[in-house]
Protein chains: 2
Amino acid sequence: MKTSAHAASLAPFPAIESAIRATGARVTPSRVRVYALLQNAQGPLCHRDIERLLSGGALPAMDRVTLYRVLDWLAAAGLAHKAADARGVFRFSAATSDGEHLRHMHFRCTACGGVFCLDMSQPSLPELPQGFRLASAEFDIRGVCPDCAGKHP
Amino acid sequence: MKTSAHAASLAPFPAIESAIRATGARVTPSRVRVYALLQNAQGPLCHRDIERLLSGGALPAMDRVTLYRVLDWLAAAGLAHKAADARGVFRFSAATSDGEHLRHMHFRCTACGGVFCLDMSQPSLPELPQGFRLASAEFDIRGVCPDCAGKHP
DNA sequence: AGCTTATTGCAACCTTGTGGCGTTAATGAT
DNA sequence: ATCATTAACGCCACAAGGTTGCAATAAGCT
Ligand SMILES: [Mn+2]
Ligand SMILES: [Mn+2]
Ligand SMILES: [Zn+2]
Ligand SMILES: [Zn+2]
């Protein structure tokens, strides 16, 4: 039995693949790698974080622009959330089916940009005036994380 | 009685001047103009907004970098709030003594970046784990404003 | 008025993100 | 298995937001 090297590189992610295929778009190595990475991440990651994490492996690093496009596509397809962190840099997180990150709150460090999950549930959503289209809402807690607080006393 | 044109340009803002002088730093036309503008603004403004608003008047437009520095100084001095909007652009608002904007909530448009005051009070602040230094917290509501919803149906 | 130095203006540079376009490869049909 | 279609990619140049270094200016003090 003979399998091409290429096909083997996509095999280990059946759930990822079908989630992407379900959107009607093409399943590509870039999309699979990035989406899988977001699924395994501890918190929301920015473009830079992801570039670094991807460049570690054996596979050829994907193009900067392709990564931007993959991330925006994941967000547009509803597979990821996109939101600016406290420094104004966009961060992406997998849109888990159980909506875990949507239920609890997060702390955003204004120094390093880090996002930390807090074990507290979100306040309930408010009603909006006529004409406003709600996309997302969360309690946004900003400050300095323990790590950065140590460096800047 | 003779008054220099320069002094006259600062005279109309006694409260602004003393607030700046109280920080111990120098009172300059740039700081007075920008701080006064933030005080009169309807909502948080970005660098671009402020540049446009300032360029309207008779006074010579201040340098791009100076404006960045004045804004960051206002924030560092506690006279203004600095926060990224839904598009990742920083916006500044006067830190009113009565903390009006800190009590009610805001809607942030992901299309135009606009910030809208909502007539609803903020949820109460949460307790943070050891080591986290809180700077600010607010319920962050993102979506599309009525104006942009009309343009992108 | 003169001294000191915080603040400004300017130029160059950086980071994050986008648009255009020719080439490649994922998919459906043969 | 091969072919045709066209979505997606790589590469380039560019835009917007923001920062750094440094010489010239002017706010505050005497
Ligand atoms: Mn930005
Ligand atoms: Mn408000
Ligand atoms: Zn931090
Ligand atoms: Zn809008």
Side-chain angles (χ1 to χ4, degrees), chain A residues 2-7 9-11 17-18 20-35 44-52 54 59-77 82-92 110-113, chain B residues 4-7 9-11 17-18 20-35 44-52 54 59-77 82-92 110-113:
Chain A
K2 183 155 138 326
T3 309
S4 83
H6 182 126
S9 77
L10 290 180
E17 276 197 50
S18 41
I20 294 173
R21 202 178 301 278
T23 68
R26 294 181 185 178
V27 178
T28 70
S30 301
R31 284 172 180 169
V32 173
R33 286 171 73 192
V34 174
Y35 189 38
L45 303 174
C46 65
H47 181 273
R48 234 162 186 278
D49 292 337
I50 299 171
E51 245 184 346
R52 271 196 278 264
L54 286 176
L59 294 81
M62 85 184 64
D63 184 72
R64 229 171 57 81
V65 180
T66 299
L67 178 54
Y68 275 114
R69 290 199 271 234
V70 165
L71 288 169
D72 279 339
W73 177 83
L74 283 169
K82 173 183 187 175
D85 71 16
R87 293 175 315 174
V89 176
F90 286 118
R91 285 178 178 254
F92 298 81
T110 52
C112 69
Chain B
S4 84
H6 182 123
S9 77
L10 291 180
E17 277 198 50
S18 42
I20 293 173
R21 200 177 303 280
T23 68
R26 294 182 184 175
V27 178
T28 69
S30 301
R31 285 173 180 167
V32 173
R33 285 171 74 193
V34 174
Y35 188 40
L45 303 175
C46 64
H47 181 272
R48 233 165 187 279
D49 292 337
I50 299 170
E51 244 185 346
R52 270 196 278 264
L54 287 176
L59 296 79
M62 85 184 64
D63 184 72
R64 230 171 56 80
V65 179
T66 299
L67 179 53
Y68 276 116
R69 290 201 271 233
V70 165
L71 289 169
D72 279 339
W73 176 84
L74 284 169
K82 172 182 186 175
D85 71 14
R87 293 174 315 176
V89 177
F90 286 118
R91 283 178 179 253
F92 298 81
T110 52
C112 68

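Within every chain, numbering begins at 1; the chains are lettered A, B, ... in the order of the sequence lines, protein sequences first and strands thereafter.
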### Task
Just compare C/dG9, D/dG18, C/dG17 and give me whichever is closest to any side-chain atom of B/Met62.
C/dG9
### Message
Please report the distance, rounded to the nearest Å, between CZ in B/Arg31 and P in D/dA27.
### Response
11 Å
### Task
Take atom CZ of B/Arg48 and atom P of D/dA15, then tell me their distance rounded to the nearest Å.
12 Å
### Query
Got a second to check how far A/Leu71's CG is from A/Arg69's CZ, nearest 0.5 Å?
12.0 Å
### Query
Is the cationic atom of A/Lys82 (NZ for Lys, CZ for Arg) positioned less than 6.0 Å from the six-membered ring centroid of A/Phe92 and within 45 degrees of its normal?
no
### Task
Report yes if a side-chain nitrogen or oxygen of B/Ser30 is closer than 4.0 Å to either non-bridging phosphate oxygen (OP1 or OP2) of C/dT8; otherwise report no.
yes
Atom pairs, protein N/O to nucleotides 20-23 of chain C N/O, distance under 3.5 Å:
residue : atom : partner : partner atom : Å
C/dG20  : O6   : A/Arg69 : NH1          : 3.3
C/dG20  : O6   : A/Arg69 : NH2          : 3.4

### Query
What is the distance from CZ of B/Arg91 to C1' of D/dG18, rounded to the nearest Å?
16 Å
#### Entry: Nearest-nucleotide 5' precedence on DNA chain D, B/Phe90 against A/Trp73
A/Trp73
### Query
side-chain contact (heavy atoms from CB on, under 4.5 Å) with A/Arg33: which of A/Leu59, A/Val70, A/Ile50?
A/Leu59
### Query
Is any side-chain heavy atom of B/Thr110 closer than 4.5 Å to a side-chain heavy atom of B/Asp85?
no
### Message
So A/Arg64, base contact, sugar-phosphate only, or nothing? Heavy-atom distance under 4.0 Å.
### Response
base
### Task
Would you mind reading off the distance between B/Ile50 atom CD1 and D/dG17 atom P, rounded to a whole angstrom?
12 Å
### Task
Keeping the roles fixed (side chain from B/Asp49, backbone from B/Cys46), state whether a donor-acceptor pair exists under 3.5 Å.
yes
### Closest listed nucleotide, where the reference is the side chain of B/Asp63 and the choices are C/dG9, C/dG17, D/dG17
C/dG9
Short N/O separations, protein against nucleotides 27-30 of chain C, under 3.5 angstrom:
residue : atom : partner : partner atom : Å
C/dT27  : OP1  : A/Arg21 : NH1          : 3.0
C/dT27  : OP1  : A/Val27 : N            : 2.8

### Query
Separation of B/Leu67 atom CG from D/dG18 atom C1', in whole Å?
12 Å
### Summary
Nearest heavy-atom approach of B/Ala25 to B/Arg31 is CB-NH1, 3.6 Å
### Query
Over how many whole Å does the gap from A/Arg33 atom CZ to D/dC9 atom C1' extend?
13 Å
### Task
Decide yes or no on side-chain contact (heavy atoms from CB on, under 4.5 Å) for B/Thr28 and B/Ile20, but give the supporting numbers first.
CA-CA 9 Å; B/Thr28 69; B/Ile20 293 173; over 6 Å; no
#### Entry: Value rounded to 0.5 Å, distance of CG in B/Asp63 from CD in B/Glu51
8.5 Å
### side-chain N/O B/Thr66 vs C/dT7 OP1/OP2, d < 4.0 Å
no
#### Entry: Atom pair distance, as rounded to whole Å: CG in A/Asp49 and P in C/dT15
15 Å
### A/Tyr68 ring center within less than 6.0 Å of A/His47 ring center
yes
### Task
Send over the distance from B/Asp85 CG to D/dG17 C1', rounded to a whole Å.
11 Å
